[in-house]
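Structure, as structure tokens:
Order of listing sets the numbers, starting from 1, for every ligand and every atom in it. Note: hydrogens, waters and symmetry copies are ignored here, and every other heavy atom, side chains too, is used.
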Amino acid sequence: MAAVRPVADRAMAHFHALVFLRHPELRAMFPAAMDEQRELLFRAFEQCVRHADDPAALRGYLAPMGRGHRRYGVLPGHYASAEECLVQALARFGGAVWDERAEAACRRLLALASRLLAEGLDEARSAPAWWQAEVVAHRQAAEDTAVLTLRPDQAYPFRAGQWAAVETPWWPRVWRPYSFGSAPRPDGLLTLHVKAVPAGWVSNALVHRARPGDVLRLGAAEGGMTVDHTAGENLLCLGGGAGIGPVVALVEEVAAHGAAGRRVEVFYGARRAAGLYRLAELRQLAERNPWLTVRPVLSEEDGGSGGALSGQLPEVVARYAPWHGYTACLSGPAAMVRAGAAALRRCGMPAGSVRYDQPV
Ligand SMILES: NC(=O)C1=CN([C@@H]2O[C@H](COP(=O)(O)OP(=O)(O)OC[C@H]3O[C@@H](n4cnc5c(N)ncnc54)[C@H](O)[C@@H]3O)[C@@H](O)[C@H]2O)C=CC1
């Protein structure tokens with residue numbers, strides 16, 4: 001891997017060139033701009049190498065990826081074609097370390113990876129490859145943040161805390177993950193809370209361009225940050241910025257299902273007070289549900305009269321430790337989730353009690 005890393009972009013470009021030369025029909029599955037695809041592919045290959053001796057971890061990584069390939073129209077046979085092209089691209093850019101042994105090990109790993117991807121693809125066979133979802137409402141909720149209400153064209157199964165890949169009509173075949181901002185509703189409508197990130201094609205289109213009547217595509221719901229209603233464990237939720245969406249969804253689901261003696265503690269972080277745009281909603285939920293406590297946390301502004309705590313979300317949550325008997329759900333910027341998970345581990349929380357999804 002170390003030999004290829006410095007030339008990874010060229011190696012992956014060579015791989016795509018080989019695939020499209022031999023199978024021109026596959027080009028239509030990919031977006032116009034391929035730079036991100038090259039990075040994603042190499043990162044996936046690195047993960048496979050890292051887990052080469054751990055088939056369970058490899059499966060845990062590749063099966064969801066295979067399920068996700070369904071929305072691109074991938075067929076099981078495509079993996080074998082890709083395998084051969086990847087070996088050839090690595091051989092060309094592997095330098096002096098590429099020899100017969102390296103090639104044999106690489107072929108073994110890729111054959112296993114193909115099998116696990118194909119298993120994931122097969123698991124998703126009975127679900128639609130994607131859903132069409134019409135935007136029925138679009139509202140500006142905070143600076144650069146919009147709430148989109150969507151009506152899927154057929155029943156869309158999901159749980160609070162999950163997310164889905166979304167494609168807009170303006171950027172074909174560019175899919176981005178968004179968490180659902182509410183628990184499943186009786187009317188079947190879905191809500192996404194989207195923050196436009198700098199240079200984010202899809203997020204900017206969803207916030208600034210989408211209007212009622214536009215039709216998006218949704219992949220199947222994914223992610224394991226869901227409530228286990230049979231376990232009755234207490235929940236500690238950390239929601240940072242736009243990451244508060246799945247936390248509100250989880251609270252709504254507990255309220256609808258019944259708390260059954262569990263406590264739910266929400267720490268809602270934003271840089272400034274104006275960013276806490278779902279605080280009123282959460283406080284109303286807390287007024288109606290005595291098992292829920294909501295604590296706003298500001299990192300770049302004094303909490304002052306609004307009653308917010310000051311500091312970075314992870315360090316504030318650590319101040320309230322111990323968290324014995326709690327399962328933590330973390331959602332927000334990747335750096336916050338990483339720091340939050342590390343802080344909770346330092347507080348003595350077992351790794352298995354700390355849940356988060358950082359969709360790739
Ligand atoms: N399931 C998930 O994990 C979801 C993640 N997101 C992600 O959440 C992010 C939200 O972005 P913004 O609203 O702009 O958030 P932001 O950058 O304004 O930060 C929100 C909160 O996270 C804290 N934070 C940021 N960086 C931190 C760090 N390095 N260490 C500790 N705390 C940190 C901030 O202090 C603030 O409290 C997006 O990147 C989005 O992709 C959004 C929805 C769901």
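- Contact between Ser299 and Gln312 at its shortest, heavy atoms only, is CB-OE1, 3.9 Å.
- By the 4.0 Å heavy-atom criterion, Gly245 is excluded from the residues contacting ligand 1.
- Between Ala242, Ala334, Gly332, Ala335, it is Gly332 that holds the heavy atom closest to atom 7 (C) of ligand 1.
- Atoms of ligand 1 found under 4.0 Å from any heavy atom of Ser299 (numbered from 1 in listed order, with element): 34 (C), 35 (O).
- The pair Asp99-Arg101 does not count as a salt bridge, with every side-chain nitrogen at least 4.0 angstrom from each carboxylate oxygen.
- Side-chain N/O atoms of His69 and Tyr79 include a donor and acceptor closer than 3.5 Å.
- With distances taken over non-hydrogen atoms, the option nearest atom 36 (C) of ligand 1 out of Pro177, Ala270, Gly240 is Ala270.
- For Asp144 and Lys195, the salt-bridge test fails: no basic side-chain N is under 4.0 Å from an acidic carboxylate O.
- Ring orientation note: the planes of Tyr326 and Trp323 are nearly perpendicular, at an angle over 60° on the 30°/60° scale.
- Residues Val297 and Leu238 are members of one and the same hydrophobic cluster, defined by side-chain heavy-atom contacts under 4.5 angstrom among Ile, Leu, Val, Met, Phe, Trp and Tyr.
- A cation-pi contact links Arg71 to Trp175, judged by a cut-off of 6.0 Å to the six-membered ring centre and 45° from its axis.
- Remark: ligand 1 atoms within the under-4.0 Å shell around heavy atoms of Gly269 are 21 (C), 36 (C), 37 (O).
- Using a 4.0 Å cut-off to heavy atoms of Pro314, the atoms of ligand 1 that qualify are 31 (C), 32 (N).
- Of the candidates Gly243, Gly340, Gly241, Pro296, it is Gly243 that places a heavy atom closest to atom 43 (C) of ligand 1.
- For ligand 1, the atoms sitting less than 4.0 Å from at least one non-hydrogen atom of Ser179 are 1 (N), 44 (C), numbered in the order shown with element in parentheses.
- A heavy-atom separation below 4.0 Å is found between Asp357 and ligand 1.
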